[in-house]
Amino acid sequence: MKATIAAVGLAHPFEVGYDQAQHLLDTTAQTLGALGITCHNTGVVMQDLKTVEQAAEALKCIDADVLMICIATWSEDHHLMDLLGYVDKPVILRAYPARDTGSLCCAHQIGAVFTNLGKQYEFIFGKPEDPVCAQKAKEIAIPYALANTMKDVRVGTFGGRVKGMTEIAYDEFAIKQYLGARVVNMEITELTDKVAAISDAEADKLLEQKKDLLKPCKCTSTADAMRESIKYYAAMKELCGEYALGALAVGCYTTYMGKVCLGYSLLAEEGITGACEGDVPNALTMKMLYELSGKPVNNTDLLDFNYDDNSILFAHCGSSGFSIAEGEIELAPVRLAETGVCCKFLMKPGKVTAVDICGNGSNFRMSVMVGDAIPCGMEFPGNPMTIRFEKPLDQINEEIMQYGSGHHWMVAYGDHAETLRRFCQIQGMNYYRI
(Lines give C-alpha, C1' and ligand atoms only; values in the text may rest on other atoms or scores of the structure.)
Protein backbone atom coordinates (compact mmCIF):
# COMPACT_ATOMS: atom_id res chain seq x y z
CA MET A 1 0.00 0.00 0.00
CA LYS A 2 1.21 3.51 -0.85
CA ALA A 3 0.64 6.51 1.36
CA THR A 4 0.73 10.17 0.43
CA ILE A 5 2.35 12.80 2.64
CA ALA A 6 2.01 16.56 2.15
CA ALA A 7 4.81 18.70 3.62
CA VAL A 8 4.51 22.25 4.94
CA GLY A 9 7.10 24.37 6.75
CA LEU A 10 6.68 26.38 9.93
CA ALA A 11 9.11 29.06 11.18
CA HIS A 12 9.31 32.49 12.81
CA PRO A 13 11.26 35.27 11.00
CA PHE A 14 12.72 36.50 14.30
CA GLU A 15 14.26 33.15 15.28
CA VAL A 16 17.68 31.66 14.55
CA GLY A 17 17.41 29.23 11.67
CA TYR A 18 14.60 30.98 9.83
CA ASP A 19 16.85 31.32 6.78
CA GLN A 20 17.19 27.51 6.69
CA ALA A 21 13.45 26.78 6.90
CA GLN A 22 12.96 26.30 3.17
CA HIS A 23 16.03 24.06 2.96
CA LEU A 24 14.77 21.88 5.81
CA LEU A 25 11.36 21.55 4.16
CA ASP A 26 12.82 20.70 0.77
CA THR A 27 15.41 18.24 2.12
CA THR A 28 12.83 16.45 4.25
CA ALA A 29 10.54 16.02 1.25
CA GLN A 30 13.39 14.88 -0.99
CA THR A 31 14.51 12.28 1.56
CA LEU A 32 11.01 10.83 1.65
CA GLY A 33 10.87 10.72 -2.14
CA ALA A 34 14.25 8.98 -2.34
CA LEU A 35 12.78 6.10 -0.29
CA GLY A 36 9.83 5.76 -2.67
CA ILE A 37 7.40 7.59 -0.40
CA THR A 38 4.96 9.87 -2.18
CA CYS A 39 5.55 13.32 -0.71
CA HIS A 40 4.02 16.50 -2.10
CA ASN A 41 6.03 19.52 -1.01
CA THR A 42 3.79 22.57 -0.85
CA GLY A 43 6.90 24.74 -0.82
CA VAL A 44 5.25 26.99 1.76
CA VAL A 45 6.85 27.96 5.07
CA MET A 46 4.09 29.31 7.32
CA GLN A 47 4.92 32.46 9.30
CA ASP A 48 1.73 34.55 9.18
CA LEU A 49 -1.92 34.32 8.14
CA LYS A 50 -1.10 34.98 4.48
CA THR A 51 1.32 32.05 4.25
CA VAL A 52 -1.10 29.85 6.21
CA GLU A 53 -3.74 30.58 3.58
CA GLN A 54 -1.23 29.80 0.82
CA ALA A 55 -0.47 26.46 2.44
CA ALA A 56 -4.17 25.70 2.80
CA GLU A 57 -4.83 26.41 -0.87
CA ALA A 58 -1.96 24.12 -1.89
CA LEU A 59 -3.18 21.33 0.41
CA LYS A 60 -6.71 21.48 -0.98
CA CYS A 61 -5.26 20.29 -4.29
CA ILE A 62 -3.44 17.33 -2.70
CA ASP A 63 -5.20 14.10 -1.69
CA ALA A 64 -2.84 13.51 1.23
CA ASP A 65 -3.23 10.88 3.93
CA VAL A 66 -1.01 12.77 6.38
CA LEU A 67 0.19 16.33 6.76
CA MET A 68 3.84 16.73 7.84
CA ILE A 69 4.67 20.02 9.56
CA CYS A 70 8.39 20.68 9.21
CA ILE A 71 9.15 22.88 12.22
CA ALA A 72 12.32 24.83 11.44
CA THR A 73 12.24 27.19 14.45
CA TRP A 74 10.10 28.10 17.40
CA SER A 75 6.92 29.58 16.00
CA GLU A 76 3.53 30.84 17.07
CA ASP A 77 1.40 27.73 17.47
CA HIS A 78 -1.83 29.37 16.29
CA HIS A 79 -0.60 29.24 12.68
CA LEU A 80 -0.98 25.48 12.73
CA MET A 81 -4.36 25.72 14.45
CA ASP A 82 -5.48 28.12 11.71
CA LEU A 83 -4.22 25.76 8.99
CA LEU A 84 -6.18 22.83 10.40
CA GLY A 85 -9.26 25.04 10.40
CA TYR A 86 -8.92 25.15 6.62
CA VAL A 87 -7.63 21.62 6.01
CA ASP A 88 -8.09 19.15 8.87
CA LYS A 89 -5.71 16.22 8.27
CA PRO A 90 -3.78 13.80 10.47
CA VAL A 91 -0.53 15.52 11.48
CA ILE A 92 3.10 14.53 11.86
CA LEU A 93 5.09 17.11 13.82
CA ARG A 94 8.63 16.98 12.35
CA ALA A 95 11.30 18.56 14.55
CA TYR A 96 15.05 18.93 13.94
CA PRO A 97 18.05 18.82 16.30
CA ALA A 98 19.63 22.27 16.79
CA ARG A 99 20.71 24.27 19.85
CA ASP A 100 19.39 27.72 18.99
CA THR A 101 16.38 27.29 16.67
CA GLY A 102 13.76 26.13 19.15
CA SER A 103 12.46 23.52 16.72
CA LEU A 104 12.11 20.82 19.36
CA CYS A 105 10.54 23.01 22.04
CA CYS A 106 8.05 24.29 19.47
CA ALA A 107 7.06 20.70 18.69
CA HIS A 108 6.58 20.05 22.41
CA GLN A 109 4.50 23.22 22.68
CA ILE A 110 2.25 22.22 19.77
CA GLY A 111 1.95 18.69 21.17
CA ALA A 112 0.59 20.15 24.41
CA VAL A 113 -1.88 22.31 22.49
CA PHE A 114 -3.09 19.35 20.42
CA THR A 115 -3.46 17.22 23.54
CA ASN A 116 -5.59 19.93 25.15
CA LEU A 117 -7.76 20.03 22.01
CA GLY A 118 -8.03 16.23 21.71
CA LYS A 119 -6.25 16.27 18.34
CA GLN A 120 -4.24 13.13 17.55
CA TYR A 121 -0.74 13.72 16.25
CA GLU A 122 2.50 11.87 15.47
CA PHE A 123 6.06 13.01 16.13
CA ILE A 124 9.42 12.54 14.40
CA PHE A 125 12.72 14.02 15.57
CA GLY A 126 15.93 13.87 13.57
CA LYS A 127 17.97 15.38 10.77
CA PRO A 128 16.10 16.13 7.52
CA GLU A 129 18.23 13.72 5.50
CA ASP A 130 17.92 10.85 8.00
CA PRO A 131 16.48 7.76 6.22
CA VAL A 132 15.38 6.30 9.56
CA CYS A 133 13.13 9.31 10.08
CA ALA A 134 11.80 8.95 6.55
CA GLN A 135 11.03 5.26 7.15
CA LYS A 136 9.24 6.18 10.37
CA ALA A 137 7.14 8.67 8.42
CA LYS A 138 6.16 5.91 6.01
CA GLU A 139 5.21 3.58 8.85
CA ILE A 140 3.09 6.33 10.38
CA ALA A 141 1.38 7.26 7.11
CA ILE A 142 0.37 3.79 5.90
CA PRO A 143 -2.26 3.13 8.64
CA TYR A 144 -3.82 6.50 7.83
CA ALA A 145 -3.79 5.58 4.14
CA LEU A 146 -5.49 2.29 5.02
CA ALA A 147 -8.15 4.16 7.00
CA ASN A 148 -8.77 6.49 4.05
CA THR A 149 -8.98 3.55 1.64
CA MET A 150 -11.47 1.70 3.82
CA LYS A 151 -13.78 4.76 3.94
CA ASP A 152 -14.51 4.17 0.25
CA VAL A 153 -15.06 0.40 0.52
CA ARG A 154 -18.50 -1.17 0.17
CA VAL A 155 -18.99 -4.80 1.15
CA GLY A 156 -21.90 -6.68 -0.38
CA THR A 157 -23.61 -9.40 1.65
CA PHE A 158 -25.90 -11.87 -0.06
CA GLY A 159 -28.37 -13.77 2.06
CA GLY A 160 -26.92 -12.67 5.42
CA ARG A 161 -24.77 -14.81 7.69
CA VAL A 162 -25.24 -18.57 7.82
CA LYS A 163 -27.54 -20.12 10.35
CA GLY A 164 -25.79 -21.24 13.52
CA MET A 165 -22.85 -18.77 13.43
CA THR A 166 -24.08 -16.07 15.79
CA GLU A 167 -20.44 -15.13 16.38
CA ILE A 168 -20.19 -13.58 12.89
CA ALA A 169 -23.33 -11.45 13.25
CA TYR A 170 -22.30 -8.05 11.95
CA ASP A 171 -22.91 -4.64 13.49
CA GLU A 172 -23.21 -2.21 10.58
CA PHE A 173 -22.71 0.81 12.82
CA ALA A 174 -19.53 -0.62 14.35
CA ILE A 175 -18.25 -1.52 10.89
CA LYS A 176 -18.81 2.03 9.69
CA GLN A 177 -17.40 3.60 12.88
CA TYR A 178 -14.26 1.49 13.23
CA LEU A 179 -13.46 0.23 9.73
CA GLY A 180 -15.00 3.04 7.69
CA ALA A 181 -16.69 0.71 5.21
CA ARG A 182 -20.37 0.51 4.34
CA VAL A 183 -22.40 -2.70 4.23
CA VAL A 184 -24.66 -3.25 1.22
CA ASN A 185 -27.30 -5.80 2.19
CA MET A 186 -28.80 -7.77 -0.70
CA GLU A 187 -31.21 -10.62 -1.14
CA ILE A 188 -29.63 -13.81 -2.42
CA THR A 189 -32.04 -13.62 -5.37
CA GLU A 190 -30.13 -10.60 -6.72
CA LEU A 191 -27.28 -13.01 -7.24
CA THR A 192 -29.19 -16.11 -8.30
CA ASP A 193 -31.38 -14.22 -10.79
CA LYS A 194 -28.26 -13.00 -12.59
CA VAL A 195 -26.85 -16.53 -12.58
CA ALA A 196 -30.07 -17.90 -14.09
CA ALA A 197 -29.93 -15.31 -16.88
CA ILE A 198 -26.54 -16.55 -18.12
CA SER A 199 -26.74 -19.26 -20.78
CA ASP A 200 -24.51 -22.33 -20.93
CA ALA A 201 -23.03 -20.99 -24.16
CA GLU A 202 -22.09 -17.74 -22.43
CA ALA A 203 -20.58 -19.72 -19.56
CA ASP A 204 -18.49 -21.81 -21.96
CA LYS A 205 -17.27 -18.62 -23.63
CA LEU A 206 -16.24 -17.18 -20.27
CA LEU A 207 -14.46 -20.40 -19.33
CA GLU A 208 -12.53 -20.12 -22.58
CA GLN A 209 -11.60 -16.53 -21.74
CA LYS A 210 -10.21 -17.76 -18.42
CA LYS A 211 -8.27 -20.64 -19.98
CA ASP A 212 -4.86 -19.17 -19.10
CA LEU A 213 -5.76 -19.55 -15.43
CA LEU A 214 -7.95 -22.64 -15.56
CA LYS A 215 -6.46 -24.95 -18.21
CA PRO A 216 -3.25 -25.69 -16.27
CA CYS A 217 -5.36 -26.85 -13.30
CA LYS A 218 -6.29 -30.45 -12.61
CA CYS A 219 -10.08 -30.61 -12.86
CA THR A 220 -12.11 -33.27 -11.02
CA SER A 221 -15.36 -31.28 -11.00
CA THR A 222 -18.00 -31.93 -13.65
CA ALA A 223 -18.47 -29.77 -16.73
CA ASP A 224 -21.88 -28.71 -15.42
CA ALA A 225 -20.33 -27.65 -12.11
CA MET A 226 -17.71 -25.62 -13.94
CA ARG A 227 -20.42 -23.85 -15.95
CA GLU A 228 -22.45 -23.09 -12.85
CA SER A 229 -19.41 -21.78 -10.97
CA ILE A 230 -18.31 -19.48 -13.78
CA LYS A 231 -21.86 -18.13 -13.94
CA TYR A 232 -21.63 -17.24 -10.25
CA TYR A 233 -18.31 -15.54 -10.94
CA ALA A 234 -19.84 -13.47 -13.75
CA ALA A 235 -22.88 -12.56 -11.64
CA MET A 236 -20.79 -11.54 -8.64
CA LYS A 237 -18.48 -9.47 -10.81
CA GLU A 238 -21.42 -7.71 -12.44
CA LEU A 239 -22.97 -6.89 -9.07
CA CYS A 240 -19.62 -5.61 -7.82
CA GLY A 241 -19.65 -3.19 -10.74
CA GLU A 242 -23.25 -2.12 -10.20
CA TYR A 243 -22.85 -1.49 -6.48
CA ALA A 244 -19.15 -0.48 -6.48
CA LEU A 245 -18.27 -3.35 -4.14
CA GLY A 246 -14.72 -4.08 -3.05
CA ALA A 247 -15.61 -7.12 -0.95
CA LEU A 248 -18.27 -9.83 -0.80
CA ALA A 249 -19.77 -12.18 1.77
CA VAL A 250 -22.13 -14.91 0.59
CA GLY A 251 -23.99 -17.09 3.09
CA CYS A 252 -22.75 -20.21 1.32
CA TYR A 253 -23.10 -22.95 3.93
CA THR A 254 -24.89 -25.20 3.09
CA THR A 255 -27.07 -24.30 0.08
CA TYR A 256 -24.42 -22.50 -1.97
CA MET A 257 -21.37 -24.53 -0.97
CA GLY A 258 -19.08 -24.99 -3.95
CA LYS A 259 -21.03 -22.54 -6.12
CA VAL A 260 -19.13 -19.31 -5.31
CA CYS A 261 -15.67 -20.68 -4.46
CA LEU A 262 -14.20 -20.53 -7.96
CA GLY A 263 -15.65 -17.05 -8.38
CA TYR A 264 -14.00 -15.95 -5.15
CA SER A 265 -10.64 -17.25 -6.37
CA LEU A 266 -10.94 -15.43 -9.69
CA LEU A 267 -12.18 -12.20 -8.10
CA ALA A 268 -9.29 -12.34 -5.61
CA GLU A 269 -6.90 -11.87 -8.51
CA GLU A 270 -8.87 -8.74 -9.46
CA GLY A 271 -8.66 -7.16 -6.00
CA ILE A 272 -12.17 -8.09 -4.83
CA THR A 273 -12.14 -10.15 -1.66
CA GLY A 274 -14.74 -12.78 -0.79
CA ALA A 275 -15.38 -14.26 2.66
CA CYS A 276 -17.13 -17.55 3.33
CA GLU A 277 -20.35 -18.17 5.25
CA GLY A 278 -21.58 -14.58 5.10
CA ASP A 279 -18.85 -13.26 7.41
CA VAL A 280 -18.97 -9.54 6.62
CA PRO A 281 -16.29 -8.33 9.09
CA ASN A 282 -13.82 -10.84 7.73
CA ALA A 283 -14.62 -9.96 4.12
CA LEU A 284 -13.42 -6.49 5.13
CA THR A 285 -10.48 -7.98 6.99
CA MET A 286 -9.47 -9.63 3.73
CA LYS A 287 -9.83 -6.32 1.91
CA MET A 288 -7.58 -4.57 4.42
CA LEU A 289 -4.97 -7.31 4.19
CA TYR A 290 -5.14 -7.31 0.39
CA GLU A 291 -4.45 -3.57 0.38
CA LEU A 292 -1.49 -4.03 2.73
CA SER A 293 0.05 -7.09 1.10
CA GLY A 294 -0.92 -6.57 -2.54
CA LYS A 295 -1.78 -10.28 -2.74
CA PRO A 296 -4.85 -12.50 -2.34
CA VAL A 297 -5.72 -13.44 1.23
CA ASN A 298 -6.41 -16.96 2.53
CA ASN A 299 -9.80 -17.41 4.25
CA THR A 300 -9.31 -20.06 6.97
CA ASP A 301 -10.49 -21.75 10.13
CA LEU A 302 -8.03 -22.59 12.91
CA LEU A 303 -8.14 -26.40 12.95
CA ASP A 304 -5.33 -28.30 14.66
CA PHE A 305 -2.20 -27.94 16.80
CA ASN A 306 1.13 -29.66 16.18
CA TYR A 307 3.20 -29.46 19.36
CA ASP A 308 6.24 -31.07 17.71
CA ASP A 309 7.07 -27.94 15.71
CA ASN A 310 4.80 -25.41 17.50
CA SER A 311 2.59 -24.97 14.44
CA ILE A 312 -1.12 -24.62 13.74
CA LEU A 313 -3.07 -25.90 10.75
CA PHE A 314 -5.38 -23.32 9.19
CA ALA A 315 -7.67 -24.23 6.28
CA HIS A 316 -11.05 -23.83 4.63
CA CYS A 317 -12.84 -25.27 1.61
CA GLY A 318 -10.77 -23.63 -1.11
CA SER A 319 -11.47 -20.14 -2.46
CA SER A 320 -8.11 -18.35 -2.37
CA GLY A 321 -6.43 -16.59 -5.27
CA PHE A 322 -4.29 -18.73 -7.55
CA SER A 323 -1.23 -16.48 -7.28
CA ILE A 324 -0.49 -17.60 -3.70
CA ALA A 325 -0.61 -21.30 -4.64
CA GLU A 326 2.40 -23.57 -4.23
CA GLY A 327 2.32 -26.32 -6.83
CA GLU A 328 -0.69 -27.93 -8.49
CA ILE A 329 -4.18 -26.43 -8.34
CA GLU A 330 -7.12 -28.84 -8.38
CA LEU A 331 -10.63 -27.70 -9.32
CA ALA A 332 -12.61 -30.14 -7.23
CA PRO A 333 -16.02 -30.65 -5.57
CA VAL A 334 -16.38 -28.99 -2.17
CA ARG A 335 -15.95 -31.23 0.87
CA LEU A 336 -19.06 -32.51 2.65
CA ALA A 337 -21.47 -31.52 -0.13
CA GLU A 338 -19.26 -33.10 -2.84
CA THR A 339 -20.62 -30.68 -5.45
CA GLY A 340 -19.50 -27.54 -7.22
CA VAL A 341 -15.95 -26.28 -7.72
CA CYS A 342 -13.38 -25.47 -5.05
CA CYS A 343 -9.82 -24.44 -5.79
CA LYS A 344 -7.65 -26.83 -3.80
CA PHE A 345 -3.96 -26.12 -3.46
CA LEU A 346 -1.13 -25.75 -0.97
CA MET A 347 0.09 -22.33 0.08
CA LYS A 348 3.46 -20.70 -0.47
CA PRO A 349 5.79 -20.51 2.56
CA GLY A 350 6.72 -17.18 4.11
CA LYS A 351 6.01 -14.69 6.87
CA VAL A 352 2.25 -14.31 7.39
CA THR A 353 -0.25 -12.35 9.47
CA ALA A 354 -3.49 -14.00 10.61
CA VAL A 355 -6.35 -11.67 11.57
CA ASP A 356 -9.87 -12.04 12.94
CA ILE A 357 -12.38 -9.22 13.38
CA CYS A 358 -15.63 -9.74 15.26
CA GLY A 359 -17.82 -8.17 17.92
CA ASN A 360 -20.31 -5.35 18.19
CA GLY A 361 -20.50 -1.80 19.47
CA SER A 362 -17.54 -0.75 21.60
CA ASN A 363 -16.55 -4.44 21.81
CA PHE A 364 -15.72 -4.55 18.09
CA ARG A 365 -12.23 -6.05 18.08
CA MET A 366 -9.30 -7.22 16.02
CA SER A 367 -7.08 -10.17 16.96
CA VAL A 368 -3.70 -10.61 15.25
CA MET A 369 -1.11 -13.39 15.08
CA VAL A 370 2.17 -13.38 13.14
CA GLY A 371 4.09 -16.52 12.19
CA ASP A 372 5.80 -18.38 9.39
CA ALA A 373 3.89 -20.46 6.86
CA ILE A 374 5.83 -23.69 6.39
CA PRO A 375 5.46 -26.51 3.86
CA CYS A 376 2.59 -28.91 4.51
CA GLY A 377 0.55 -31.51 2.68
CA MET A 378 -3.12 -31.54 1.73
CA GLU A 379 -4.03 -32.13 5.36
CA PHE A 380 -7.47 -30.63 4.80
CA PRO A 381 -9.22 -30.51 1.41
CA GLY A 382 -9.03 -26.86 0.41
CA ASN A 383 -6.24 -24.31 1.00
CA PRO A 384 -4.40 -25.67 4.02
CA MET A 385 -1.68 -23.52 5.57
CA THR A 386 0.55 -24.61 8.43
CA ILE A 387 1.89 -21.67 10.42
CA ARG A 388 4.72 -21.96 12.93
CA PHE A 389 4.66 -19.53 15.85
CA GLU A 390 7.20 -18.44 18.45
CA LYS A 391 4.64 -18.21 21.24
CA PRO A 392 3.72 -21.58 22.85
CA LEU A 393 0.56 -23.06 21.37
CA ASP A 394 -1.19 -23.45 24.70
CA GLN A 395 -0.66 -19.74 25.37
CA ILE A 396 -2.08 -18.88 21.94
CA ASN A 397 -5.07 -21.09 22.68
CA GLU A 398 -5.69 -19.42 26.03
CA GLU A 399 -5.38 -15.91 24.59
CA ILE A 400 -7.82 -16.66 21.77
CA MET A 401 -10.37 -17.65 24.39
CA GLN A 402 -9.44 -14.76 26.68
CA TYR A 403 -9.96 -12.14 23.97
CA GLY A 404 -13.01 -13.82 22.43
CA SER A 405 -11.42 -14.08 19.00
CA GLY A 406 -13.59 -15.73 16.36
CA HIS A 407 -13.00 -18.96 14.47
CA HIS A 408 -12.35 -17.34 11.08
CA TRP A 409 -8.76 -16.22 10.44
CA MET A 410 -7.82 -14.27 7.33
CA VAL A 411 -4.16 -14.90 6.49
CA ALA A 412 -2.00 -12.54 4.41
CA TYR A 413 1.66 -12.66 3.44
CA GLY A 414 3.96 -10.29 5.34
CA ASP A 415 4.09 -8.96 8.88
CA HIS A 416 1.37 -6.33 9.16
CA ALA A 417 0.87 -6.40 12.93
CA GLU A 418 2.27 -2.94 13.67
CA THR A 419 0.35 -1.31 10.83
CA LEU A 420 -2.87 -2.91 12.06
CA ARG A 421 -2.13 -1.87 15.64
CA ARG A 422 -1.71 1.72 14.51
CA PHE A 423 -4.86 1.49 12.38
CA CYS A 424 -6.87 0.34 15.41
CA GLN A 425 -5.35 3.11 17.52
CA ILE A 426 -6.35 5.71 14.93
CA GLN A 427 -9.87 4.30 14.63
CA GLY A 428 -10.37 3.78 18.38
CA MET A 429 -10.83 0.03 17.87
CA ASN A 430 -9.85 -2.77 20.25
CA TYR A 431 -6.65 -4.55 19.19
CA TYR A 432 -5.27 -7.79 20.62
CA ARG A 433 -1.88 -9.19 19.68
CA ILE A 434 -1.83 -12.91 20.32
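Note that this is a predicted model, so its numbers are computed, not measured.
Look at Glu139 and Lys136 and you find no salt bridge, because none of the NZ, NE, NH1 or NH2 atoms lies under 4.0 Å from a carboxylate O. A salt bridge links Arg421 with Glu418: the distance from a Lys NZ or Arg NE/NH1/NH2 to an Asp or Glu carboxylate oxygen falls below 4.0 Å.
Contact of the Leu179 side chain with the Ile357 side chain is registered, since non-hydrogen atoms from C-beta on lie closer than 4.5 Å. Put simply, the side chain of Ile142 reaches to within 4.5 Å of the side chain of Leu292, judged on heavy atoms. Leu262 is listed as a side-chain neighbour of Cys343, based on a closest heavy-atom distance under 4.5 Å. Considering only heavy atoms from C-beta on, Met81 comes within 4.5 Å of Leu117 through its side chain. Residues Cys217 and Phe345 are not in side-chain contact: their nearest non-hydrogen atoms beyond the backbone lie 4.5 Å or more apart. Side-chain contact check for Val44 versus Leu59: every heavy-atom pair is 4.5 Å or farther apart. Using a 4.5 Å heavy-atom cutoff, the side chains of Tyr170 and Asn282 are not in contact. Residues Met236 and Leu245 form no side-chain contact, since every pair of their non-hydrogen atoms from C-beta on lies 4.5 Å or further apart.
Using a distance-only test at 3.5 Å, with no hydrogens or angles considered, a donor-acceptor pair links the side chain of Lys2 to the main chain of Gly36. Not a single donor-acceptor pair under 3.5 Å links the side chain of Thr73 to the backbone N or O of Gly102. Under a 3.5 Å cut-off, the side chain of Asn383 and the backbone N or O of Asn298 do not form any donor-acceptor pair. Within the 3.5 Å criterion, the main-chain N or O of Phe364 finds a donor-acceptor partner in the side chain of Asn430. No donor-acceptor distance shorter than 3.5 angstrom exists from the side chain of Thr300 to the backbone of Met410, with no hydrogens or angles considered. Side-chain atoms of Glu269 come within 3.5 Å of backbone N or O of Ser323 as a donor-acceptor pair. Counting only distance, with no hydrogens or angles, the side chain of Asn185 and the backbone of Thr157 share no donor-acceptor pair below 3.5 Å.
Taking every heavy atom of both residues into account, Tyr243 and Arg154 meet most closely at O-CD, 3.4 Å. Listed here is the closest heavy atom pair of Met46 and His79: SD-O, 4.5 Å. The two atoms that bring Ala11 and Tyr18 nearest to each other are CB-CD1, 3.7 Å, heavy atoms only. Residues Ala134 and Ile37 come closest through the heavy atom pair O-CD1, 3.3 Å. Here the closest heavy-atom approach between residue Cys276 and residue Asn299 is recorded as N-OD1, 3.1 Å. Of all non-hydrogen atoms in Pro281 and Ile175, the two that sit nearest each other are CG-CD1, 4.4 Å.
Qualifying salt bridge (charged side-chain N to carboxylate O under 4.0 Å, His left out) partners for Glu190, counting only residues two or more places apart in sequence or in other chains: none. Lys287 pairs by the side chain to side chain donor-acceptor pair (under 3.5 Å) definition with Glu291, not counting sequence neighbours. Checked against ring pair (Phe, Tyr, Trp, His ring centres under 6.0 Å), Phe389 has no partners two or more places apart in sequence or in another chain. By the side chain to side chain donor-acceptor pair (under 3.5 Å) test, Glu242 is found to be paired with Lys194, residues two or more places apart in sequence or in another chain being considered. Every residue meeting the salt bridge (charged side-chain N to carboxylate O under 4.0 Å, His left out) condition with Lys210, not counting sequence neighbours, appears here in chain and number order: Glu270. In this structure, Tyr290 has no ring pair (Phe, Tyr, Trp, His ring centres under 6.0 Å) partners at least two apart in sequence or on a different chain. Legend: residues meeting side chain to side chain contact (heavy atoms under 4.5 Å, CB included) with Pro128, ordered by chain and number and at least two apart, are Leu24, Thr27, Thr28, Tyr96. For His408, the ring pair (Phe, Tyr, Trp, His ring centres under 6.0 Å) test picks out His316, with sequence neighbours left out. Annotation: side chain to side chain donor-acceptor pair (under 3.5 Å) contacts of Lys163 (sequence neighbours excluded): none.
When Ser319, Cys252, Cys342 are each tested for a side chain to side chain contact (heavy atoms under 4.5 Å, CB included) with Val334, only one passes: Cys342.
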Without placing hydrogens or testing angles, list every side-chain donor-acceptor pair under 3.5 Å for residues 370-378, not counting sequence neighbours.
residue : atom : partner : partner atom : Å
Asp372  : OD1  : Lys351  : NZ           : 3.3
Asp372  : OD2  : Lys351  : NZ           : 3.4

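Within the model, atoms CH2 of Trp409 and CG of Asp301 stand 11.5 Å from one another, a figure rounded to the nearest 0.5 Å. The line from CG of Asn310 to CG of Leu393 is 4.0 Å long, rounded to the nearest 0.5 Å. Between the CG atom in Leu25 and the CZ atom in Arg94 there is a gap of 11.0 Å [rounded to 0.5 Å]. Taking OG1 from Thr353 and CG from Asp415, the interatomic distance works out to 5.0 Å, rounded to the nearest 0.5 Å.
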- Check against side chain to side chain contact (heavy atoms under 4.5 Å, CB included), Arg422 and Ile140: CA-CA 8 Å; Arg422 285 177 172 271; Ile140 289 170; 3.7 Å; yes
- Should Tyr144 and Glu122 be marked as a side chain to side chain contact (heavy atoms under 4.5 Å, CB included) after you check the CA-CA gap, both sets of side-chain angles, and the distance that decides it? CA-CA 11 Å; Tyr144 287 102; Glu122 307 282 353; 3.3 Å; yes
- Are Val250 and Ile188 close enough, and set up right, to give a side chain to side chain contact (heavy atoms under 4.5 Å, CB included), and what steps lead you there? CA-CA 8 Å; Val250 179; Ile188 194 69; 4.2 Å; yes
- Task: Tell me, with the steps shown, if Val91 and Leu84 meet side chain to side chain contact (heavy atoms under 4.5 Å, CB included).
- Result: CA-CA 9 Å; Val91 171; Leu84 295 178; 3.9 Å; yes
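Annotation: side chain to side chain donor-acceptor pair (under 3.5 Å) contacts involving residues 29-45, sequence neighbours excluded, comprise Asp26-Asn41. For residues 361-371, the side chain to side chain donor-acceptor pair (under 3.5 Å) pairs, not counting sequence neighbours, are Ser367-Ser405.
Side chains of Asp394 and Tyr307: a donor-acceptor N/O pair is present below 3.5 angstrom, by distance only. With 3.5 Å as the limit, one finds no donor-acceptor pair spanning the side chains of Asp171 and Tyr178. Defined by atom type and a distance below 3.5 Å, a donor-acceptor pair is missing between the side-chain atoms of Gln20 and His23. Judged by distance alone, the side chains of Tyr432 and Gln402 never bring a donor and an acceptor atom under 3.5 Å apart.
Counting non-hydrogen atoms of neighbouring residues, nucleotides and ligands closer than 6.0 angstrom, the NZ atom of Lys127 reaches no more than 12 such neighbours. Within a 6.0 Å radius of NZ in Lys211, other residues, nucleotides and ligands contribute 12 heavy atoms or fewer. Counting heavy-atom neighbours within 6.0 Å of Phe305 CZ, excluding the residue itself, gives a total above 12. No more than 12 heavy atoms of other residues, nucleotides or ligands lie within 6.0 Å of CG in Asp63, so this atom counts as exposed by the packing criterion. At most 12 heavy atoms of other shown residues, nucleotides or ligands fall within 6.0 angstrom of atom CD in Glu187.
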